[in-house]
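Order of the sequence lines sets the chain letters (A, B, ...), proteins ahead of strands, with each chain counted from 1. Keep in mind that this is a model prediction, so the values were computed, not measured.
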Amino acid sequence: MKTGERPDSLLAGLNAAQRQAVTTTEGPLLVLAGAGTGKTRVITHRVAYLLRMGVPTEAIAAVTFTNKAAREMRERVVALAGRGSKGITLSTFHSLGVRLLRAEAAAIGYRPGFNIYDTADQLSLIKTILLDIRGATTSLDPKAVLASISRAKNRFQLPEDLIEEASDDWEHVVARCYDRYQSDLRNMNCVDFDDLLLLPVLCLEKHAEIGAKYRRRFRYLLVDEYQDTNGVQYRFLRLLVGPERNLCVVGDDDQSIYGFRGAEVDKILRFERDFPGTTVVKLEDNYRSTASILNLANSVIESNVTRHKKRLRSTQGQGEVVLWITTPDGAAEVDHVIRQVLNLIERERVPSNSIAILIRAAAQARPFEEKLRLRRIPYTLIGGQSYFDRKEIRDVLAYWMAAANPRDDVSLLRILNVPRRGIGTATARKLDELARESRISLLEAVSLAAGASGGFSPALRTALSHVSDLFGRAQQLLEARQFSRAARQLLEEAHYREAVDELYQEPTARQARWNAVEDLLRAVTEWERENPGAEFADFLEALALTKGETADDTRNEKKHHGLTILTLHSAKGLEFPHVFLVGVEEDTLPHRKSVEEGDAAVEEERRLLYVGVTRARETLTLTQAETRTLYGQPRARLPSRFLLEVEQSGHLRRAAYDPGEEATENDVQEFLELYRRMREP
DNA sequence: CAAAACTGCCTTTTT
DNA sequence: GGCAGTTTTG
């Protein structure tokens, strides 16, 4: 903490509402922070303010949803309050959950070294279970079963609750799967992402003294993006709130766009009822966008019924009117947008990374990418395949997880025959049976089968003992805390490179894949050096919790190359001077599935449009095509109902698509020259 | 056990 | 139209 400075000095430059949000430190506080109203500023200043008022660092916990938000917040708090503020708890819901779980695992029958499963691991386990209880002929969709289980977990329903409630065949199957799934996870000492919240809640509820311990510690709680809180997170929070009820939540119900992941908008809508005596502060002064853009945003969101009433006010000028462009087809839409982009860059001298193309679904990016590549215009696509979705990375992690936790059957099963060792599905099933009968882990079954001749051929037994020895040696090294050595040696002895070579015949692809593996190996070495005393499980945890992030932390705008293409979901929290929101059509925005789901889902789609509109600082163009080739078929398309809703508001100007001329080769050259100069200051 | 042929889908995705 | 996941075939 910077000493000798009065708390008041922190308030300079804040508006009245922001000040109130910062200085109302005691009791429940709801900050409704519209888009672009300085939300992050309020949170960071509030933390700094608490510290200056003498609140000890360890009493403060600020919770966010993303690692990136947590990182950013930490940086800004440190910048404001000095290095002494590093000790505050500033993490995501999930990492707070893991921390609690590692500390208190024993209280609920887990051991601290548990592995964390991602969706692919979960799915693999579900498939095994389905096979087991319904046989090979089942037509049940494992993904649907998993989705049901996850939904139940996010609503804080336990297997026994589902078993009790089940009324039809499907519900019975789901309930049985859930029950098996959860007990398998526990036997394997593994948890899934939902467990990172669910298990801490169970732990705190079951053990009053543990709950009391954390409540005594965290006297000031702060939650960012509260509108995205799901049922379990809410319960977690309630358990952490102490008698002083110093809970401050910041959010915007109009930006709740993760309902499909279990976020419940009503949590922010009924906060005042949950915490009587709540102070409500509305931040409505928007420092980001022009009045034209905000007028449209306000008109769009007014059609939603379930929301806190508020209106964004612009602190900027009127700005240019928002355009609504109708094009005859998808190709013309692409052409129009690209031409406007070139216009901005060449005539207006706008840096290309201040332009964004917003899409509803990832698949919409393709035609834009193709054209941009053709014209050699640099761009960055945000989202897309995560580094950790790549097969080779998943394989390597499976090796390490299986070594770190010998009971992790799912991970072992994944790499049992990678590279090919002649241990096929039939053998795997036999091993699984053996493990189940003898109540041992899959790895133990492997070494058992390698020894005794229980129906396994000599060749197979050689392969099995190879696998068994491999992990035996790796475990010894891990126990000796030789983490990076264990990690490397395991892959070498497993001849994992052969698997990569076999899978990728093409030399460049092969090299790229192997480089990714080496990156990961380097990451272990580096991590080991930087975190002396930490466990290997901590390294795996760090990877598991940051899996969503793409290789080159793409959300960092400053690093961006050229213009940005991104989905509306990944655009939340970002801003761009110039925005093109494309495909504003029925069946796309709102998406057909949402329309089928009903009004609540359509309201979420409307919020999605609202989020998109409020990303723009200076200019905004909405485009929509009359026909479009979808799934190989040309189809007629209608403008989005959301456009029709605001058509009469006067905040949109319909402009015709002007076919004009394609940009000439000359234009392209000119652009490239310009771009090169801008990148070399 | 692995390659070839075939089917069915086709939203978003912070951890 | 394209991909991933599955079934069929050698």
Heavy atoms only, 4.0 Å cut-off, all strands: where does A:Ala69 land among base, sugar-phosphate and nothing? nothing
For A:Phe260 and A:Tyr258, I'd like to know if the aromatic rings sit close, meaning centre-to-centre distance below 6.0 Å. yes
Nucleotide B:dT11, atom C1' - distance to CG of A:Leu568 in whole Å: 11 Å
Which of A:Asp192, A:Asn230, A:Asp194 passes side chain to side chain donor-acceptor pair (under 3.5 Å) with A:Lys153? It is A:Asp192
Check the phosphate of C:dC3 against A:Arg366, side-chain N and O only, distance under 4.0 Å to OP1 or OP2. Yes or no? yes
Side chain of A:Lys593 only, please: which of B:dT15, B:dC10, B:dT14 is the nearest? B:dC10
Proximity to the side chain of A:Tyr631 - top-ranked nucleotide from B:dT12, B:dT14, C:dG1: C:dG1
Both distances below 3.5 Å, Watson-Crick or wobble geometry, any strand: find the nucleotide opposite B:dT11. none
Between A:Ile423 and A:Glu604, which residue's closest nucleotide on DNA chain B lies nearer the 5′ terminus? A:Ile423
May I ask you to evaluate whether A:Asn67 reaches the phosphate of B:dT15, defined as a side-chain N or O under 4.0 Å from OP1 or OP2? yes
Would you name the heavy atoms of A:Cys177 and A:Ile133 that are closest together and state the gap between them? SG-CD1, 3.7 Å
Syn/anti label of B:dT11 as read from its glycosidic torsion, with the cut at 90° from 0: syn
What does A:Glu597 touch in the nucleic acid at a heavy-atom separation under 4.0 angstrom: a base, only the sugar-phosphate, or nothing? base
Nearest whole angstrom, please: distance from the P of B:dC10 to the CD of A:Gln364. 16 Å
To the side chain of A:Arg360, which of B:dC1, B:dT13, B:dT12 is closest? B:dT12
Within less than 4.0 Å of OP1 or OP2 of B:dT11, is there a side-chain N or O belonging to A:His591? yes
To the nearest angstrom, how far is A:Leu381 atom CG from B:dT12 atom P? 12 Å
Within the stacking criterion (centroid distance below 5.5 Å, interplanar angle below 30°), does A:Phe260 stack on B:dT12? yes
Under 4.0 Å between any heavy atoms, over every strand shown, what does A:Asp194 touch: base, sugar-phosphate, or nothing? Just pick one. nothing
Which is true for A:Gly422 with a 4.0 Å heavy-atom rule: it touches a base, it touches only sugar-phosphate, or it touches nothing? sugar-phosphate
Expressed in angstrom and rounded to an integer, what is the separation of A:Arg71 atom CZ from B:dT14 atom P? 13 Å
A:Leu123 CG to C:dA4 P, in whole Å, measures 15 Å
Find the distance between CD (A:Gln157) and OG (A:Ser148) and round it off to the nearest 0.5 Å. 10.5 Å
Walking DNA chain B from its 5' end, the first of A:Arg421 and A:His94 to be reached, judged by nearest nucleotide, is A:Arg421
Is there a side-chain contact between A:Phe576 and A:Thr564, using heavy atoms and a 4.5 Å cut-off? yes
Which whole-number value in Å describes the distance from A:His569 NE2 to B:dT13 P? 7 Å
A:Arg261 side chain: which of B:dC10, B:dT14, C:dC3 is closest? B:dT14
Separation between the P atoms of B:dT12 and C:dG5, rounded to whole Å: 15 Å
In whole Å, what is the span from the NZ atom of A:Lys572 to the P atom of B:dT11? 22 Å
Exercise: identify the closest heavy-atom pair between A:Arg510 and A:Asp501: NH2-O, 2.8 Å
Taking pairing as Watson-Crick or G-U wobble with both contacts under 3.5 Å, can you name the mate of B:dC6, or confirm there isn't one? C:dG5
Which atoms form the tightest heavy-atom contact between A:Arg615 and A:Lys572, and what is the distance? NH1-C, 4.2 Å
Please state how far atom CG in A:Asn154 lies from atom P in B:dT13, giving the value in whole angstrom units. 17 Å
Tell me which nucleotide among B:dT11, B:dT14, B:dT13 gets nearest to the side chain of A:Thr567. B:dT13
Counting any heavy atom closer than 4.0 Å, what does A:Ser594 reach on the DNA or RNA strands: base, sugar-phosphate only, or nothing? base
Measure from the side-chain heavy atoms of A:Ala361 and tell me the nearest of B:dC1, B:dT15, B:dT12. B:dT12
